[in-house]
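Below is one structure, written out as structure tokens, with a few remarks after it.
Proteins get letters first, then strands, A, B, ... in listed order; numbering begins at 1 in each. The analysis underlying the following values was restricted to heavy atoms, covering all of them including side chains, and did not include hydrogens, waters or symmetry mates.
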2 protein chains.
Amino acid sequence: MSAEPRATYRHGDLRAALLAAGMDLARDGGPDAVVLREATRRAGVSPNAAYRHFADRAALLAAVSDTAQGLVADRMEDELSAAPDPPDAGTRARRRLRAVGTGYLGFAQEQPGLFRAAFFVPGDLSQAFSPAKAGRAGRSPYQILSDVLDELVAAGALAPERRPGGEFLAWSAVHGLATLVLDGPLRGLTDELIAGARERLLDMVDRGL
Amino acid sequence: MSAEPRATYRHGDLRAALLAAGMDLARDGGPDAVVLREATRRAGVSPNAAYRHFADRAALLAAVSDTAQGLVADRMEDELSAAPDPPDAGTRARRRLRAVGTGYLGFAQEQPGLFRAAFFVPGDLSQAFSPAKAGRAGRSPYQILSDVLDELVAAGALAPERRPGGEFLAWSAVHGLATLVLDGPLRGLTDELIAGARERLLDMVDRGL
DNA sequence: TTTCGATGTGAACGCCGTCCACAATGCCAC
DNA sequence: GTGGCATTGTGGACGGCGTTCACATCGAAA
């Protein structure tokens with residue numbers, strides 16, 4: 001889709017094409033690989049054309065980041081759907097919180113480039129609840145986490161006075177571990193070892209929230 | 001120290017000068033601001049001269065990162081020295097673990113640029129125990145954390161079977177929170193609010209380790 | 001004193017993000 | 001229809017970057 005010149009002068013949906021190209025670049029290479037000129041090249045368009053749809057490279061990267069966060073949300077929703085449904089509401093809610101963390105960390109392992117693009121872009125977490133970051137189900141990763149914490153309170157598994165700010169505790173733990181797996185001492189470990197670390201970390205959150 | 005030409009053809013200690021310039025760049029601007037050409041400019045030297053001392057920009061950045069981690073270590077040691085010494089060994093050890101986390105997060109707030117350069121450089125965490133990352137006291141941030149966890153076990157405040165991998169749990173939590181404070185929803189909050197989140201997070205680690 | 005490795009210089013290459021002026025296009029009012 | 005106009009794409013240029021190659025300069029060892 002890049003070699004032959006377009007039939008029409010107009011492209012059709014250049015914004016979407018640039019975003020798709022940006023996603024491809026991010027997939028193998030992370031945020032630094034999202035290069036404006038290369039994205040236009042892949043879309044079969046001159047470099048400047050990008051500026052009709054994105055203010056600058058940072059804007060394109062932000063769009064890529066938002067889209068990638070949507071994929072993370074999907075991965076989390078998948079894990080939620082697959083989670084078993086124990087009868088007791090409390091253990092069910094706690095199980096669902098684990099599923100959310102598992103989905104987040106699973107995505108980090110399976111799609112390191114996109115994960116980096118999603119969460120290692122300075123400032124792009126500031127409006128974590130923006131609908132631009134939502135997945136198919138319409139919820140952003142933060143919203144999913146937030147909702148599961150509400151379930152925890154509703155099920156009586158988390159004291160209401162501990163609820164406020166719970167997102168920050170849970171997210172901190174899980175995101176920190178993702179960093180260790182991607183760039184730190186846990187890099188390159190076998191899936192089993194990483195799964196072990198994950199379970200221990202989720203235990204910590206479960207116990208300490 | 002940049003304008004007037006050098007008296008001698010040789011620079012003296014160009015490596016150190018480039019590293020110092022790199023640290024200055026990182027201090028305000030983070031890792032992306034560590035630009036090879038600018039560092040040589042500040043050292044009063046042609047761009048290529050840098051290649052006699054660093055293989056490429058990544059090598060310079062890695063040196064900056066290591067040095068910055070040494071500063072983080074210093075900040076942690078300071079907090080450790082300032083920590084009160086309760087009589088009970090167990091509560092003392094737990095107090096010291098808190099101090100380590102407090103120092104880490106304090107540095108992140110006080111020196112965001114250097115903190116980013118220290119910990120937001122892909123791959124530079126892989127050998128976390130390298131002496132290049134040590135502070136004045138000769139310990140890297142990871143070593144400090146590791147030692148405090150050992151103290152916890154020695155004091156009987158942590159079951160020995162929970163000890164292995166404890167670094168990953170504690171570090172994950174604290175580093176994740178630092179990310180939220182620097183780039184996420186907690187950015188720009190008052191110091192009191194951030195301190196509140198910090199204490200809650202350290203509670204979680206304390207309880208859940 | 002000569003030689004030689006280590007260190008710094010100059011010029012160049014290709015890549016990047018971005019800006020400006022201009023061309024092609026689709027659409028809407030008349 | 002047709003003329004005008006906002007939208008979208010092009011071409012060319014600028015400065016900055018990392019990096020390489022050939023060359024100059026120096027200090028120290030032979």
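A:Tyr104 and A:Phe119 have tilted rings, their planes meeting at an angle from 30° to 60° on a 0 to 90° scale.
Along DNA chain C, the nucleotide closest to A:Tyr9 and the one closest to B:Gly12 are compared, and the more 5′ of them pairs with B:Gly12. Mapping A:Asp56 and B:Ala49 onto DNA chain C via the closest heavy atom, the residue that lands nearer the 5' end is B:Ala49.
At whole-Å resolution of the value, CG in B:Leu61 and P in D:dG18 are 11 Å apart. Rounding to whole angstrom units, CZ of residue A:Arg52 and P of C:dA21 are separated by 13 Å. Between B:Asp13 atom CG and C:dG8 atom C1' there is a gap of 15 Å when expressed in whole angstrom units. As a whole-Å value, the separation of B:Arg37 CZ from C:dG8 P is 17 Å. Atom OH of B:Tyr51 is separated from atom P of C:dA12 by 18 Å (rounded to the nearest Å). With rounding to whole Å, A:Arg57 atom CZ is found 15 Å from C:dC19 atom P. Note: NE2 (A:His11) to C1' (C:dA24) measures 16 Å, nearest angstrom. Residue A:Asp32 contributes atom CG, which lies 17 Å from atom P of D:dC17 at whole-angstrom precision.
A:Leu25 and A:Ala39 make their closest contact through CD1-N, 4.1 Å (heavy atoms, listed as atom of the first residue, atom of the second, distance). A pairwise comparison of heavy atoms in B:Leu36 and B:Ala50 identifies CD2-CB, 3.4 Å as the closest pair. For the residue pair A:Leu182 and A:Pro112, the shortest heavy atom distance occurs at CD2-CB, 3.7 Å.
Of the side-chain N and O atoms in A:His53, none sit less than 4.0 angstrom from OP1 or OP2 of D:dT7. Residue B:Arg41 places at least one side-chain N or O under 4.0 Å from the OP1 or OP2 atom of D:dC17. Residue A:Arg10 places none of its side-chain N or O atoms closer than 4.0 Å to OP1 or OP2 of D:dT10.
With hydrogens and angles left out, the side-chain atoms of B:Ser146 and B:Glu167 include a donor and acceptor closer than 3.5 Å.
When the nucleotides D:dT10, C:dG17, D:dC17 are ranked by their closest atom to the side chain of A:Leu36, C:dG17 comes out on top.
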